[in-house]
Enquirer: 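Mind looking over this structure? Questions follow.
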Amino acid sequence: MRIDAQISKAPLLAWTTLLLGLTATAQADDLDELREQGSIRVAVANEAPYGYLDENGEGRGAGPEVARHVLDELGIENIEWVVTTFGDLIPGLREGRFDMAAAEMAIRPARCQRVLFSAPNTSYGEGLLVRAANPLEIGGYADFAERDDLRVAVLEGATQVGIMAALGVPDGRVIPIGENAAAIDTLLNDQADGYAGTSLTVSQLDTQHPGVEVVQNFEDPVIDGEIVRSWGAFTFPPDAEPLRDAFDAILLGYRNTQAWEDTLEGHGFTQNDILNAFRFDTEWLCGRE
């Protein structure tokens, strides 16, 4: 009986080995194809300073400008920039509508189950946008959990959705919006009392309208005894390991250059942000609880 079972499994094992080999070859061919055609589709969520398009349709921000250098080193010189919502980045990658994303998406374990992440490219903390003069005296994210008179707007699919849930903010007081640009009108039209985003995002929004401002002396959110901080990276489809690995090989070296540091500083990242980018690797960030 055992011999028969082994014999019956032999063809299956052979086919499995063959299929794995064909899959690896197909993945390698995908990277070679991108190199041969010299172009790639790169998505951004139009969120300054992480990844956005300028008036000429060129990618700008910490993600696109670093990606441009790495892809050029890979022999891929032409980039087709694709603008989508933040919440559509992962579905778009999984459905093959673009080849990678340069949106500095935070590495989170649940996201690691759906897409591939590069090594961290940035690190950033949290911030909060409110109406000018902060009439409701909101000091931090915890206020939305502790006060039942407050509503907070968050970007659909962003890290702040999970942060609010972890802090115990009721779903009914969390207002989802499709893009960061809508945050200002959401506050001014009294649809929400604050907008939770990264420190760099809310600082950018603060400059766009006198009716809003960044909360001063912002109290960093603390979850399970740790201050919340994010590590942003480039994202790839789940079957694009050769592209991700080749990209990483260049990115890891580029992070040790002054040019990389100057790019981040030029988009508002502090020295603390830059140093924190080296603190953890992707494997640890994907595996943390």
Side-chain angles (χ1 to χ4, degrees), residues 34 38-90 92-93 97-107 115 117-125 127 129 155-159 177-184 195 197-209 214 230-236 243 247-248 250-251 254-255 257-271 273-274 276-277:
L34 290 172
S39 64
I40 188 171
R41 300 164 299 167
V42 181
V44 296
N46 244 13
E47 182 182 4
Y50 304 109
Y52 61 97
L53 301 190
D54 64 16
E55 61 275 8
N56 299 316
E58 288 296 316
R60 301 296 178 201
E65 290 170 33
V66 172
R68 187 180 289 112
H69 170 86
V70 175
L71 292 171
D72 186 64
E73 290 287 315
L74 284 174
I76 305 173
E77 299 178 356
N78 299 314
I79 300 175
E80 177 188 339
W81 299 104
V82 181
V83 176
T84 189
T85 62
F86 187 88
D88 189 50
L89 289 172
I90 289 179
L93 287 167
R97 286 186 275 120
F98 28 84
D99 304 301
M100 62 174 287
E104 294 308 305
M105 179 182 289
I107 302 171
V115 292
F117 281 93
S118 72
N121 184 53
T122 55
S123 181
Y124 43 84
L129 193 73
L155 183 67
E156 290 179 344
T159 303
I177 60 176
E179 57 183 5
N180 284 303
I184 294 174
Y195 174 64
T198 68
S199 58
L200 292 165
T201 296
V202 299
S203 293
Q204 289 279 339
L205 292 169
D206 180 34
T207 66
Q208 297 178 23
H209 198 286
V214 173
S230 296
W231 280 262
F234 300 94
T235 39
F236 302 85
L243 174 59
F247 190 96
D248 255 1
I250 297 173
L251 174 62
Y254 189 51
R255 291 195 312 175
T257 67
Q258 189 62 46
W260 173 81
E261 185 173 331
D262 289 345
T263 296
L264 268 58
E265 285 187 338
H267 289 288
F269 289 86
T270 66
Q271 273 296 310
D273 293 332
I274 292 170
N276 264 292

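Throughout, numbering of the chain's residues begins at 1 and tracks the sequence. Note that these values count all heavy atoms, side chains included, but never hydrogens, waters or copies made by symmetry.
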Enquirer: Checking Arg68 side chain against Gly59 main chain: does a donor-acceptor pair fall under 3.5 Å?
Expert: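 Flag set: sc Arg68 to bb Gly59 pair under 3.5 Å.
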Enquirer: Looking at CG of Leu34 and CG of Asn78, how far apart are the two atoms once the value is rounded to the nearest 0.5 Å?
Expert: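 With rounding to 0.5 Å, CG (Leu34) is 12.0 Å from CG (Asn78).
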Enquirer: Apply side-chain contact (heavy atoms from CB on, under 4.5 Å) to the pair Val82 and Val44, showing each step before the final yes or no.
Expert: CA-CA 6 Å; Val82 181; Val44 296; over 6 Å; no
Enquirer: Just verifying a value: how many Å separate His69 NE2 and Ile250 CD1, rounded to the nearest 0.5 Å?
Expert: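 That separation rounds to 7.0 Å.
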Enquirer: Ignoring hydrogens and geometry, is there a side-chain-to-backbone donor-acceptor pair from Arg255 to Pro120 under 3.5 Å?
Expert: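 Flag set: sc Arg255 to bb Pro120 pair under 3.5 Å.
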Enquirer: Any idea which heavy atoms bring Leu205 and Ile184 closest together, and the distance?
Expert: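 Scanning both residues completely, I find the closest heavy atoms to be O-CD1, 3.8 Å.
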Enquirer: Mind checking whether Phe236 and Phe117 have ring centres under 6.0 Å apart?
Expert: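 No; Phe117 has its ring centre 6.0 Å or more from that of Phe236.
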Enquirer: Taking all non-hydrogen atoms of both residues, which atom of Gly51 and which atom of Pro64 are closest, and how far apart?
Expert: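 That would be CA-CD, 3.6 Å.
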Enquirer: If only atom types and distance count, is the side chain of Thr201 paired as donor or acceptor with the main-chain N or O of Gly197 below 3.5 Å?
Expert: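 Checking the backbone N and O of Gly197 against the side chain of Thr201, no donor-acceptor pair under 3.5 Å is found.
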Enquirer: Looking at CD of Glu77 and CG of Asp72, how far apart are the two atoms once the value is rounded to the nearest 0.5 Å?
Expert: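 Rounded to the nearest 0.5 Å, the CD-CG separation comes out at 5.5 Å.
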Enquirer: Once rounded to the nearest 0.5 Å, what's the spacing between atom CD of Glu156 and atom CD of Glu179?
Expert: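 So the gap between those two atoms works out to 10.5 Å.
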Enquirer: I'd like to know if the side chain of Asn56 reaches the main chain of Glu58, judged simply by a donor and an acceptor atom lying under 3.5 Å from each other, with no hydrogens or angles considered.
Expert: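 Flag not set: sc Asn56 to bb Glu58 has no pair under 3.5 Å.
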Enquirer: Is a donor on one side and an acceptor on the other found under 3.5 Å between the side chain of Asn46 and the backbone of Leu53?
Expert: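 Here the side-chain-to-backbone pair exists.
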Enquirer: Closest approach of Phe98 and Gly92, non-hydrogen atoms and distance?
Expert: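 Scanning both residues, the minimum pair turns out to be CZ-CA, 3.4 Å.
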Enquirer: Provide the closest heavy-atom pair for Tyr254 versus Ala259 in the form atom of the first, atom of the second, distance.
Expert: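 Heavy atoms only, the tightest pair is OH-CB, 3.7 Å.
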Enquirer: Hydrogens and angles aside, do Asp206 and Ser203 bring a side-chain donor and acceptor to less than 3.5 Å of each other?
Expert: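 No pair is found: no donor N or O on one side chain lies under 3.5 Å from an acceptor on the other.
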Enquirer: What residues, two or more places apart in sequence or in another chain, satisfy side-chain contact (heavy atoms from CB on, under 4.5 Å) together with Ala106?
Expert: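 If we apply the side-chain contact (heavy atoms from CB on, under 4.5 Å) test to Ala106, skipping adjacent residues, the hits are Arg108, Arg111, Tyr124, Thr159, Ser230.
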Enquirer: For a quick check under 3.5 Å, do Trp231 and Asn276 share a side-chain donor-acceptor pair by atom type?
Expert: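 Checked: Trp231/Asn276 side chains show no N/O donor-acceptor pair below 3.5 Å.
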Enquirer: For a 4.5 angstrom cut-off between non-hydrogen side-chain atoms, does Leu71 reach Val42?
Expert: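 Heavy-atom side-chain distance check passes, below 4.5 Å.
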Enquirer: Counting N and O atoms only, with roles assigned by atom type, does the side chain of Ser118 sit under 3.5 Å from a partner on the main chain of Phe234, one being a donor and the other an acceptor?
Expert: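 Yes, because the side chain of Ser118 sits within donor-acceptor range (under 3.5 Å) of the backbone of Phe234.
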Enquirer: Say you draw a straight line from OG1 of Thr84 to CD1 of Ile90; how long is it, rounded to the nearest 0.5 Å?
Expert: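 CD1 of Ile90 is found 11.5 Å from OG1 of Thr84.
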Enquirer: Measure the spacing between OG1 of Thr263 and CD of Glu65 and express it to the nearest 0.5 Å.
Expert: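 Here the rounded value is 6.0 Å.
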Enquirer: Hey, does the side chain of Arg41 reach the backbone of Met100 with a donor-acceptor pair shorter than 3.5 angstrom?
Expert: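 Here the side-chain-to-backbone pair does not exist.
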Enquirer: Take Thr122 and Glu104 through the side-chain hydrogen bond (donor to acceptor under 3.5 Å, both in side chains) test and state the conclusion after the steps.
Expert: CA-CA 7 Å; Thr122 55; Glu104 294 308 305; 2.5 Å; yes
Enquirer: Does any part of the side chain of Tyr52, heavy atoms only, come nearer than 4.5 Å to the side chain of Val83, both counted from C-beta?
Expert: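 Result no, sub-4.5 Å side-chain heavy-atom pair not found.
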Enquirer: Please report the closest heavy-atom contact between Ile177 and Ala182, naming both atoms and the distance.
Expert: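 Reported closest heavy-atom pair: CD1-C, 4.2 Å.
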Enquirer: If you measure only the distance, is there a donor-acceptor pair under 3.5 Å linking the side chains of Glu47 and Gln204?
Expert: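 No pair is found: no donor N or O on one side chain lies under 3.5 Å from an acceptor on the other.
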Enquirer: side-chain contact (heavy atoms from CB on, under 4.5 Å) between Asp273 and Leu264: does it pass, once the steps are laid out?
Expert: CA-CA 9 Å; Asp273 293 332; Leu264 268 58; over 6 Å; no
Enquirer: Quick one: closest heavy-atom pair of Ala102 and Gly63, and the distance?
Expert: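 Looking at all heavy atoms of both residues, the closest pair is CB-C, 3.8 Å.
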Enquirer: Could you walk me through whether Leu89 and Val115 pass the side-chain contact (heavy atoms from CB on, under 4.5 Å) check?
Expert: CA-CA 10 Å; Leu89 289 172; Val115 292; over 6 Å; no
